[in-house]
Amino acid sequence: MLLDEDPINRDWIISGTPVARSAQWSVSKDGTTTTHVWDCTKGRFRWYFHADEIVHIIEGSVTVQADGIAKRTLGVGDAALFRAGSWSEWEVEEYVRKHAILSSPLHPTVSFGVRAARRVARVFRPKAK
């Protein structure tokens, strides 16, 4: 998959000159969930998550530290969840490439309606015999 330049906000860079690229490869019918490939070269920076994001490292590694959570190195095969509205610090020693699933949080009233509809559906779901 060809990746496009996706510069990291200069105000977020702590050290180095990280170069990031990305590409979106799918979107849900309702537009709330997208999937991406993202890569980055060596550098250290803070990152703000505007959506819930599940990352799966497919090449290289990155050391991350979220506010209030211990530092952790993610390598090939590792996955992690970063919640919408949170910040974390990323340190890429050489290179990292990840798949990312981003899910935009629903407005609380919509979220309540979805949960209620699911509960009602479970009550009326036919029982397996």
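A search for side chain to side chain donor-acceptor pair (under 3.5 Å) contacts involving Thr34 returns His36, not counting sequence neighbours. Residues passing the side chain to side chain donor-acceptor pair (under 3.5 Å) test with Glu59, sequence neighbours excluded: none. With sequence neighbours excluded, no residue forms a side chain to side chain donor-acceptor pair (under 3.5 Å) with Glu91. Applying the side chain to side chain contact (heavy atoms under 4.5 Å, CB included) test to Thr41 and every residue at least two apart in sequence or in another chain returns Val19. Qualifying side chain to side chain contact (heavy atoms under 4.5 Å, CB included) partners for Ser61, counting only residues two or more places apart in sequence or in other chains: Thr73. Residues that satisfy the side chain to side chain contact (heavy atoms under 4.5 Å, CB included) test with Val76, not counting sequence neighbours, are absent from this structure. Residues meeting the ring-ring contact (aromatic ring centres under 6.0 Å, His included) test with Tyr48, sequence neighbours left out: Trp87. Among residues two or more places apart in sequence or in another chain, the side chain to side chain donor-acceptor pair (under 3.5 Å) test is passed with Trp47 by none.
Applying the salt bridge (Lys or Arg N to Asp or Glu O under 4.0 Å) rule to pairs touching residues 31-57 yields Arg21-Asp39, Asp39-Arg97, Arg44-Glu89, Arg46-Asp67, Asp52-Arg83, Glu53-Lys98, sequence neighbours excluded.
Placement of Val55 and Val64 within a single hydrophobic cluster is found when ILVMFWY residues are connected by side-chain heavy-atom separations under 4.5 Å, directly or transitively. Cluster membership for Phe49 and Val92, using ILVMFWY side-chain heavy atoms within less than 4.5 angstrom, is shared. The hydrophobic clustering, which links ILVMFWY residues whose side-chain heavy atoms are closer than 4.5 Å, places Trp38 and Ile57 together.
Enclosure of atom NE2 in His56 by more than 12 non-hydrogen atoms of other residues, nucleotides or ligands within 6.0 angstrom is indicated.
Other cluster members for Trp25: Met1, Leu3, Val37, joined by side-chain heavy-atom distances under 4.5 Å among Ile, Leu, Val, Met, Phe, Trp and Tyr. Taking Ile, Leu, Val, Met, Phe, Trp and Tyr as members and joining any whose side-chain heavy atoms lie under 4.5 Å apart, directly or through other members, Leu102 forms no hydrophobic cluster with any other residue.
Ala51 and Ser103 get closest at one heavy-atom pair: CB-O, 3.5 Å. Nearest heavy-atom pair, Thr32 versus Ser28, reported as atom, atom and distance to 0.1 Å: N-OG, 3.3 Å.
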Donor-acceptor pairs under 3.5 Å, side chain of residues 8-17 to any protein atom, not counting sequence neighbours: which ones?
{"residue": "Asn9", "atom": "OD1", "partner": "Asp11", "partner atom": "N", "Å": "2.8"}

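Here the NZ-OG1 distance, from Lys71 to Thr63, works out to 7.0 Å after rounding to the nearest 0.5 Å.
The shortest distance between side-chain heavy atoms of Pro18 and Trp90 does not fall below 4.5 Å.
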